[in-house]
Number of protein chains: 2
Amino acid sequence: MALEHALLVSLTERFGSGYELARRFDKSIGFFWSATHQQIYRVLRRMEELGWIDGTAVTQDGRPDKKVYRVSPAGSAELARWIAEPTEPGKLRDELAVKIRAAAHGDIAAVCAEVARHRDRHAERLELYRLMEKKDFPAPDQLSGTALHQYLVLRGGIRVEEGFTQWCQEVLDALEHTRTPERQRRP
Amino acid sequence: MALEHALLVSLTERFGSGYELARRFDKSIGFFWSATHQQIYRVLRRMEELGWIDGTAVTQDGRPDKKVYRVSPAGSAELARWIAEPTEPGKLRDELAVKIRAAAHGDIAAVCAEVARHRDRHAERLELYRLMEKKDFPAPDQLSGTALHQYLVLRGGIRVEEGFTQWCQEVLDALEHTRTPERQRRP
DNA sequence: GTCTGCATGTAACTGGTTACATGATTAT
DNA sequence: ATAATCATGTAACCAGTTACATGCAGAC
């Protein structure tokens, strides 16, 4: 049920249309909770039915009409309620781990290539996040409120990506070591 | 599509019934890819239709009959094919991050409690994984084959849980610091 | 004249969860 | 008695993805 509430957060801070929300999701919130525009439209409709948000049709010229949503008092209450409610830590789901575990039943060289690819992807993400950290939060000690919370989530992303890149490297080292054990010790 | 292949791995190493697979999933593979027994039964049926596995009804006395599955040559081929196929790094989905991001719109004390709870859960998992590491893999340098791959996946779990516990602590420190900033400096 | 951006939508499908049912055996 | 374990299943549901459709505006 987090998508609804992620949208409530986004709309609380700035009202907008489904399209705009989908674009916002490509940044910040989308790093840890993503959704396609179809899913967003559907959820917005349901949220409007529930009375959590109010939609207003806005006619535009030169552009398609749009429907702008605002959080209702009921929506704010729901968000506050949800925040205080305990959540189960979600389970991990990593296909790469399944492949590593399955490596003995296939081509180990291919698994290595795959792990290297993932390592590079995670390293890229990590670099992006570190750039954002430097640029958007140069003085983290002085942060408070929403800016602080945004920073803390970004820190989470950084830690996760660090963990993944390091793990991929560890796996690569171990797998390649067993593939060519003698060569490692030659002068 | 990873559940099918996780089941193929499990069945390749030891044949078994749906029930047994579900129980195995509670350990090892289940740490990074879990499934309910209903989902497993359904997927097994589909896999049998595809010819990846062969099921044999086994009558037991004193216990309910069961259906034991074995991987067919086609199943082995499919597993090998899948292993070599590239996969997209899956997106993160963490509700806790959404809550932290939303903290300004609700009760920050409740968010702190939630973060502390998650930190403890992750710390428990971490301890469990470290125990498994010590007990099941006392000499990781000598590992090879499936045992090595199991170990490497466990290492991933350890890194992830380390990252999460540390992140939760960082968030807690930051949030509690802003709640009572003056008291931190009193003698 | 083709491509990108804005803006929304339907339909079909996949993957997974929740709730419930059955029925025997063994352990407390 | 009653609870847990073994073993499988149906049905309904929820969340999310993929594919496709529409149509105009502005840029190249």
Side-chain angles (χ1 to χ4, degrees), chain A residues 1-8 11 15-27 29-30 32-50 53 55-69 82 87-95 98, chain B residues 1-8 11 15-27 29-30 32-50 53 55-69 82 87-95 98:
Chain A
M1 296 241 169
L3 179 55
E4 283 90 331
H5 299 92
L7 290 171
L8 280 177
L11 283 176
F15 57 82
S17 67
Y19 186 85
E20 283 159 0
L21 285 164
R23 305 221 58 220
R24 277 187 232 169
F25 260 51
D26 287 344
K27 313 163 196 173
I29 299 192
F32 50 86
W33 205 280
S34 57
T36 58
H37 69 107
Q38 290 87 345
Q39 180 71 358
I40 290 173
Y41 284 129
R42 190 195 294 170
V43 168
L44 283 173
R45 249 177 284 145
R46 186 164 64 220
M47 289 166 73
E48 196 180 11
E49 275 169 36
L50 286 166
I53 54 176
T56 330
V58 174
T59 47
Q60 303 184 115
D61 53 66
R63 289 181 179 187
D65 296 352
K66 62 179 177 180
K67 199 170 177 184
V68 170
Y69 292 97
W82 176 78
T87 325
E88 285 309 292
K91 308 159 195 170
L92 283 183
R93 291 240 153 146
D94 195 332
E95 262 191 61
V98 182
Chain B
M1 298 244 167
L3 178 55
E4 282 89 331
H5 299 92
L7 290 171
L8 280 178
L11 283 176
F15 58 79
S17 67
Y19 186 84
E20 285 159 0
L21 285 164
R23 305 220 58 219
R24 277 187 232 168
F25 260 52
D26 287 344
K27 314 161 196 171
I29 299 192
F32 51 87
W33 204 279
S34 59
T36 59
H37 70 104
Q38 290 86 345
Q39 179 70 0
I40 289 173
Y41 284 130
R42 190 195 295 171
V43 168
L44 283 173
R45 249 176 285 144
R46 187 164 62 219
M47 287 166 74
E48 197 181 9
E49 276 169 36
L50 287 166
I53 54 176
T56 330
V58 174
T59 48
Q60 304 184 114
D61 54 68
R63 289 183 178 185
D65 297 351
K66 63 179 176 180
K67 198 169 178 184
V68 170
Y69 292 97
W82 176 78
T87 325
E88 284 310 292
K91 308 159 194 170
L92 283 184
R93 290 241 154 144
D94 196 332
E95 261 191 64
V98 182

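Protein chains get the first letters and strands the later ones, always in sequence-line order, with residue 1 at the start of each.
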* Strand contacts (DNA chain D) in residues 39-50 of chain B, 4.0 angstrom heavy-atom criterion -> B:Tyr41, B:Arg42, B:Arg45
* Asked: Taking NZ from A:Lys91 and P from C:dG15, how many angstroms apart are they, rounded to a whole number?
  -> 17 Å
* Asked: Which sits closer to the 5' end of DNA chain D, A:Met1 or B:Arg23, going by the nucleotide each is nearest to?
  -> B:Arg23
* When you list every nucleotide of DNA chain D with an atom under 4.0 Å from a heavy atom of chain A, which one comes first 5' to 3', and which comes last? -> D:dA15 to D:dA25
* **Whole-Å gap separating P (C:dT4) and OH (A:Tyr19)** => 13 Å
* Taking only the side-chain nitrogens and oxygens of B:Gln38, find out if one of them lies under 4.0 Å from OP1 or OP2 of C:dT18. => no
* By side chain to side chain contact (heavy atoms under 4.5 Å, CB included), which residues pair with B:Arg63, not counting sequence neighbours? -> B:Gln60
* Rounded to the nearest 0.5 Å, how far apart are CD of A:Glu4 and CD1 of A:Ile40? -> 11.5 Å
* Considering all heavy atoms, the nearest A:Leu3-A:Ala35 contact -> CD1-CB, 3.8 Å
* Asked: Distance check: side-chain N/O of A:Arg93 vs OP1/OP2 of C:dG16, anything under 4.0 Å?
  -> yes
* Minimum heavy-atom distance B:Ala6-B:Phe25, with the two atoms named -> CB-CZ, 3.8 Å
* Structure fact -> So side-chain hydrogen bond (donor to acceptor under 3.5 Å, both in side chains) across residues 35-45 of chain B, not counting sequence neighbours, yields none
* Distance-minimising heavy-atom pair for B:Arg24 and B:Leu11 -> NH1-N, 4.4 Å
* Asked: How long is the span from the CD1 atom in A:Ile53 to the OH atom in A:Tyr69, to the nearest 0.5 Å?
  -> 5.5 Å
* Can you name the closest pair of heavy atoms from A:Trp82 and B:Val98 and give their distance? -> CH2-CG1, 3.6 Å
* Asked: To the nearest Å, how far apart are A:Arg24 CZ and C:dA7 C1'?
  -> 15 Å
* When rounded to the nearest 0.5 angstrom, what is the spacing between NE2 in B:His5 and CE in B:Met47? -> 7.5 Å
* Under the salt bridge (Lys or Arg N to Asp or Glu O under 4.0 Å) rule, collect the residues that match up with B:Glu95, sequence neighbours excluded. => none
* Ignoring backbone atoms, establish whether B:Thr36 has a side-chain N or O less than 4.0 Å from OP1 or OP2 of C:dT18. => no
* Structure fact -> Given protein heavy atoms under 4.0 Å, the one-letter contact record of nucleotides 21-28 of chain C, with B base, S sugar-phosphate only and - none, is simply --B-S---
* Asked: Has the side chain of A:Arg93 got a donor or acceptor atom that lies under 3.5 Å from a matching backbone atom of B:Ser34?
  -> yes
